**Student:** 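So that we are looking at the same thing, I have put the structure below in structure tokens.
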Amino acid sequence: MKYNLVRGTKDVLPGESVKWQYLTRKASAVYSAFGYSEIKTPVFEVTELFTRGIGETSDIVTKEMYTFPDKKGRSITLRPEGTAGTVRAYIENNLNALPAPVKLFYIGPMFRYERPQAGRYREHWQMGVEAFGSDSPALDAEVISTALTLLKELGATGLKTNLNSIGCMSPDCRPRYIAALKDFLKSRSEKLCDTCKVRLEKNPLRILDCKVESCKSVFSEPGIPKILDHICPSCAAHFEKVIDYLKLAKADYSVNDKLVRGFDYYTKTVFEITCDKLGAQNGVLGGGRYNGLVEELGGQPTPAVGFSVGVERLLLALETMGIKLPADDSPDIYLVTLGEAALEKAFVLAGELRSAGIKTVMACEDKSMKTQMRLADALKAKTAVIIGDNELKDGVAVVKDMATGNQQKVALNELKRHFSKT
RNA sequence: GUGGCUGUAGCUCAGUUGGUUAGAGUGUCAGAUUGUGGAUCUGAAUGUCGCGGGUUCAAAUCCCGUCAGCCACCCCA
């Protein structure tokens with residue numbers, strides 16, 4: 001019987017995996033430079049964590065979750081995003097006892113039951129950041145520049161950073177805007193597409209980023225209420241400050257008052273970084289502030305901000321930019337042996353070289369010298385170290401530089417030192 | 001969940017109006033006089049032609065279903 005991948009999943013093969021290592025290391029380095037510490041939370045959680053956190057009516061919760069009963073009948077869900085689990089861990093482990101803001105980052109797989117498409121998988125990886133315990137707009141700006149710094153360090157160009165504020169839940173803020181928006185849209189409901197007619201009741205903000213032309217035309221009408229004109233003074237002031245700090249950071253961004261995000265927990269600042277060469281799934285990175293979520297999930301009222309980058313999409317985006325990620329997986333040394341005695345000697349020698357951090361590969365079986373040299377070449381080994389009967393007799397090895405073809409003899413007991421220098 | 005396109009060796013593909021043992025390039029493995037790679041040459045292995053059914057004397061080729069991939073919608077990383 002032959003088995004295949006489950007739909008929407010992917011093997012990351014050698015060559016590709018080297019790029020992944022590079023990306024995740026880079027992200028860890030940048031995140032920790034900004035003061036974030038890594039947290040690892042389980043890949044699955046109790047379903048309710050997500051339904052409460054992300055929102056009962058959101059698309060992710062209503063149709064995209066991998067939910068199943070475990071053997072005791074508890075409803076378990078593979079995490080569709082990283083924030084809810086991180087918040088749960090923050091509350092459960094009393095991380096609020098740490099000096100604020102508490103800064104955590106995570107790298108791991110997320111699961112969504114969606115129809116696979118370019119840049120969209122049922123299992124995909126995210127590298128995210130969450131900062132708890134501060135409502136300072138400077139922190140929003142810092143979080144955004146954490147994202148921009150990572151992208152810059154990777155050499156990314158031509159990405160767009162969209163920024164918006166969707167206000168808070170106080171009656172004179174987002175609810176007031178939604179009411180005004182509903183009022184306006186009801187008068188033109190005949191122009192809206194069918195899905196938007198439904199959204200008008202369920203989730204009016206979503207109509208803002210509808211791609212249907214007739215809906216878009218409604219939004220260019222002059223009388224349309226703008227969210228940034230309707231949020232409360234405190235949210236408006238916060239947004240102003242975020243922008244001030246972004247300017248200080250010399251960040252490249254644009255305010256887009258139609259930007260809304262798919263999770264219910266966002267408050268105030270939301271942002272998104274897109275790559276327009278990626279096709280329909282162009283969002284590479286997204287995030288925002290979520291001041292109500294910690295309390296919603298049973299913790300003390302705690303303001304927080306964060307974002308997450310999609311690894312697969314980031315990789316695709318970097319590819320369209322023509323950025324070559326380091327993909328060197330080649331050994332420093334390929335040990336070529338002739339005869340059983342040499343193989344035994346090399347077997348021991350390889351261990352010593354490896355313990356010195358020298359990447360060493362050898363054929364663990366008797367193969368012709370030509371074959372071994374071909375292997376050394378195919379693996380792109382930097383040097384071939386050849387040991388046969390003659391060498392064993394003299395206690396030396398022939399060291400051949402694969403690029404130049406130059407050879408020299410090095411005493412066997414000097415080999416480790418010889419390669420440690422370079 | 002909806003729609004469109006696609007599905008032949010590990011990879012990239014060819015396969016004529018349905019007709020006998022399905023091909024090429026590339027890669028893999030082995031060899032080209034006995035201890036030296038990247039060039040060239042020789043040879044070898046590998047396909048349930050995505051899967052299942054149907055039409056036909058005959059199907060990789062036509063029809064239906066199914067699965068998967070790609071693209072778009074929806075949504076998002």
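In what follows, chains are A, B, ... by sequence order, proteins preceding strands, each numbered from 1. Note that the structure is predicted; figures quoted are calculated from it, not measured.
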**Student:** What's the NZ-P distance between A:Lys63 and B:rU2, to the nearest Å?
**Tutor:**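 Going from A:Lys63 (NZ) to B:rU2 (P), I get 11 Å.
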**Student:** What integer distance in Å separates A:Arg115:CZ from B:rU2:P?
**Tutor:**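 Computing the A:Arg115:CZ to B:rU2:P distance gives 7 Å.
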**Student:** For the residue pair A:Ile387 and A:Ala342, what are the closest heavy atoms and their distance?
**Tutor:**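 That closest heavy-atom pairing would be O-CB, 3.3 Å.
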**Student:** Give me the distance, rounded to whole Å, that separates B:rG15 from B:rU8 when you measure between the C1' atoms they each carry.
**Tutor:**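 The same atom, C1', in both gives a distance of 9 Å.
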**Student:** B:rA77 P sits how many Å from A:Phe111 CZ, rounded?
**Tutor:**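 Those two atoms, CZ and P, are 16 Å apart.
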**Student:** Could you please name the option among B:rC70, B:rA77, B:rG35 that lies closest to any side-chain atom of A:Arg112?
**Tutor:**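 Of the options given, the side chain of A:Arg112 lies nearest B:rA77.
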**Student:** Measure from the side chain of A:Phe263, starting at C-beta and using heavy atoms only, and say which of B:rG35, B:rC74, B:rA77 lies closest.
**Tutor:**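 That would be B:rA77.
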**Student:** Both distances under 3.5 Å, Watson-Crick or G-U wobble: report the partner of B:rC49, or none.
**Tutor:**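 Looking at the geometry, B:rC49 pairs with no nucleotide.
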**Student:** Please report the distance separating the P of B:rC49 from the corresponding atom of B:rA9, rounded so that it comes out in whole Å.
**Tutor:**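 Nearest-Å result for B:rC49 against B:rA9 at atom P: 9 Å.
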**Student:** Please confirm whether the backbone N or O of A:His230 pairs with a side-chain atom of A:Arg176, one donor and one acceptor, at under 3.5 Å?
**Tutor:**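 Yes: the side chain of A:Arg176 pairs with the backbone of A:His230.
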**Student:** Determine: side-chain N/O of A:Arg7 to OP1/OP2 of B:rG69, distance under 4.0 Å, yes or no.
**Tutor:**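 For A:Arg7, the contact criterion (side-chain N or O under 4.0 Å from OP1 or OP2 of B:rG69) is met.
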**Student:** Atom CD of A:Gln281 and atom CD of A:Glu114: how far apart are they, to the nearest 0.5 Å?
**Tutor:**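 Rounded to the nearest 0.5 Å, the CD-CD separation comes out at 7.5 Å.
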**Student:** Taking any strand in view, what nucleotide pairs with B:rU40 in a Watson-Crick or G-U wobble way, both distances under 3.5 Å?
**Tutor:**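 Looking at the geometry, B:rU40 pairs with B:rA32.
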**Student:** Could you work out which one of B:rA72, B:rC74, B:rA77 sits closest to the side chain of A:Arg261?
**Tutor:**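 Closest nucleotide among those given: B:rA77.
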**Student:** Counting the atoms with a prime plus P, OP1 and OP2 as sugar-phosphate, which does A:Gln407 contact under 4.0 Å by heavy atoms, base, sugar-phosphate, or nothing?
**Tutor:**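 Base contact.
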**Student:** In this structure, how many angstroms lie between the P atom of B:rG1 and the OH atom of A:Tyr66, rounded?
**Tutor:**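 To the nearest whole Å, that distance equals 11 Å.
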**Student:** A:Leu151 has an atom CG; how far is it from atom C1' of B:rA77, in whole Å?
**Tutor:**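 Those two atoms, CG and C1', are 12 Å apart.
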**Student:** Partner lookup for B:rG25, please. Criteria are Watson-Crick or G-U wobble with both distances under 3.5 angstrom; report none if nothing qualifies.
**Tutor:**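 When the pairing criteria are applied, B:rC11 turns out to be the nucleotide that pairs with B:rG25.
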**Student:** Take atom OH of A:Tyr113 as the centre, draw a 6.0 Å sphere, and report whether it contains more than 12 heavy atoms from other residues, nucleotides or ligands.
**Tutor:**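 Counting other residues, nucleotides and ligands, OH of A:Tyr113 stays at 12 neighbours or fewer.
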**Student:** Side-chain donor or acceptor of A:Asn4 under 3.5 Å from a matching atom on the base of B:rG50?
**Tutor:**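 No such pair is found, so the answer is no.
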**Student:** Using a 4.0 Å heavy-atom cut-off, does A:Leu338 contact any base of the nucleic acid, only the sugar-phosphate backbone, or nothing at all?
**Tutor:**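 It contacts base atoms.
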**Student:** Evaluate the side chain to side chain donor-acceptor pair (under 3.5 Å) criterion for residues A:Thr77 and A:Thr67: first the C-alpha distance (whole Å), next the side-chain angles of each, then the deciding distance (0.1 Å), finally the verdict.
**Tutor:** CA-CA 4 Å; A:Thr77 293; A:Thr67 298; 2.8 Å; yes
**Student:** Given the P atoms of B:rG18 and B:rA58, what is the spacing between them in whole Å?
**Tutor:**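 Here B:rG18 and B:rA58 have their P atoms 15 Å from each other.
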**Student:** Suppose we define a pair by two distances each less than 3.5 Å, Watson-Crick or G-U wobble; what does B:rA60 pair with here?
**Tutor:**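 Partner of B:rA60: none.
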**Student:** Can you see which heavy atom on A:Val305 is nearest to which on A:Arg289, and at what distance?
**Tutor:**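 Nearest heavy atoms, A:Val305 then A:Arg289: CG2-NH2, 3.4 Å.
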**Student:** If you measure from the C1' atom in B:rU21 to the same atom in B:rA60, how many Å do you get, rounded?
**Tutor:**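 Those two atoms are separated by 15 Å.
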**Student:** Report the residue (A:Tyr113 or A:Asp401) whose heavy-atom-nearest nucleotide on RNA chain B is the more 5′ of the two.
**Tutor:**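 Closest to the 5' end, via its nearest nucleotide, is A:Tyr113.
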**Student:** For B:rG50 and B:rG7, measure between their C1' atoms and round to the nearest Å.
**Tutor:**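 It comes out at 6 Å once rounded to the nearest Å.
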**Student:** Restricting both atoms to N or O, compile the protein contacts to nucleotides 26-31 of chain B shorter than 3.5 Å, with distance only.
**Tutor:**
unit_1: B:rG31; atom_1: OP2; unit_2: A:Thr371; atom_2: OG1; d: 3.4

**Student:** Start with the C-alpha distance between A:Thr274 and A:Asn282, add both sets of side-chain angles, then the distance that settles side chain to side chain donor-acceptor pair (under 3.5 Å), and finish with yes or no.
**Tutor:** CA-CA 5 Å; A:Thr274 57; A:Asn282 63 355; 4.7 Å; no
**Student:** Using a heavy-atom cut-off of under 4.0 Å over every strand shown, decide if A:Ala317 touches base, sugar-phosphate, or nothing.
**Tutor:**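 Counting heavy atoms under 4.0 Å across all strands, no contact is made by A:Ala317.
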**Student:** Look at the side chain of A:Asp332 and the backbone N and O of A:Lys359, then say whether any donor-acceptor pair between them is shorter than 3.5 Å.
**Tutor:**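 Yes.
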**Student:** Less than 3.5 Å between a donor and an acceptor, one on the side chain of A:Gln372 and one on the base of B:rG35, is that the case here?
**Tutor:**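 Side chain to base: no pair below 3.5 Å.
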**Student:** After noting the C-alpha distance and the side-chain angles of A:Phe263 and A:Tyr265, does the key distance pass the ring pair (Phe, Tyr, Trp, His ring centres under 6.0 Å) rule?
**Tutor:** CA-CA 6 Å; A:Phe263 305 140; A:Tyr265 54 63; 5.3 Å; yes
**Student:** Specify the separation, in whole Å, of atom CG of A:Leu23 and atom C1' of B:rA77.
**Tutor:**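 Going from A:Leu23 (CG) to B:rA77 (C1'), I get 13 Å.
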**Student:** For nucleotides B:rC64 and B:rG27, find the distance between their P atoms and express it as a whole number of Å.
**Tutor:**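 Taking atom P in both B:rC64 and B:rG27, they lie 40 Å apart.
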**Student:** To the nearest Å, give me how far apart CG (A:Asn282) and C1' (B:rC71) are.
**Tutor:**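 Rounded to the whole Å, the gap is 15 Å.
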**Student:** Hey, can you pull the residues of residues 117-130 of chain A with a non-hydrogen atom under 4.0 angstrom from RNA chain B?
**Tutor:**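 Per residue number, the list reads A:Gln117, A:Ala118, A:Gly119, A:Arg120, A:Tyr121, A:His124, A:Gln126.
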**Student:** Roughly, in whole Å, what's the span from CG in A:Leu343 to C1' in B:rG35?
**Tutor:**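 Distance, rounded to whole Å: 15 Å.
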**Student:** Can you tell me the Watson-Crick or wobble partner of B:rC5, both distances under 3.5 angstrom?
**Tutor:**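 Its partner is B:rG69.
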**Student:** Under 6.0 Å from the OH atom of A:Tyr245, do we count more than 12 heavy atoms belonging to anything else shown?
**Tutor:**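 No, because the 6.0 Å sphere around OH of A:Tyr245 holds 12 heavy atoms or fewer from other groups.
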**Student:** Ignoring hydrogens and angles, tell me if any N or O in the side chain of A:Glu391 forms a donor-acceptor pair with the backbone of A:Gly388 under 3.5 Å.
**Tutor:**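 A pair under 3.5 Å: yes.
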**Student:** What's A:Gly8 touching, base or sugar-phosphate or nothing? Going by heavy atoms closer than 4.0 Å.
**Tutor:**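 Touches sugar-phosphate only.
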**Student:** Using a 4.0 Å heavy-atom cut-off across all strands, classify A:Val284 as base, sugar-phosphate, or nothing.
**Tutor:**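 If one applies the 4.0 Å heavy-atom cut-off, A:Val284 turns out to touch the sugar-phosphate alone, with no base involved.
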**Student:** Which base sits across from B:rC74 as a Watson-Crick or G-U pair, both distances under 3.5 Å?
**Tutor:**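 Answer to the pairing question: none, since B:rC74 forms no Watson-Crick or G-U pair.
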**Student:** Roughly how far apart, to the nearest Å, are B:rU28 and B:rC57 at atom C1'?
**Tutor:**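 Approximately 41 Å lies between the C1' atom of B:rU28 and that of B:rC57.
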**Student:** For nucleotides B:rA32 and B:rG69, find the distance between their P atoms and express it as a whole number of Å.
**Tutor:**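 Each nucleotide's P atom is 46 Å from the other's.
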**Student:** Heavy atoms only: give me the nearest A:Cys173-A:Cys168 pair and the separation to one decimal.
**Tutor:**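 Minimum heavy-atom separation between A:Cys173 and A:Cys168: SG-N, 3.1 Å.
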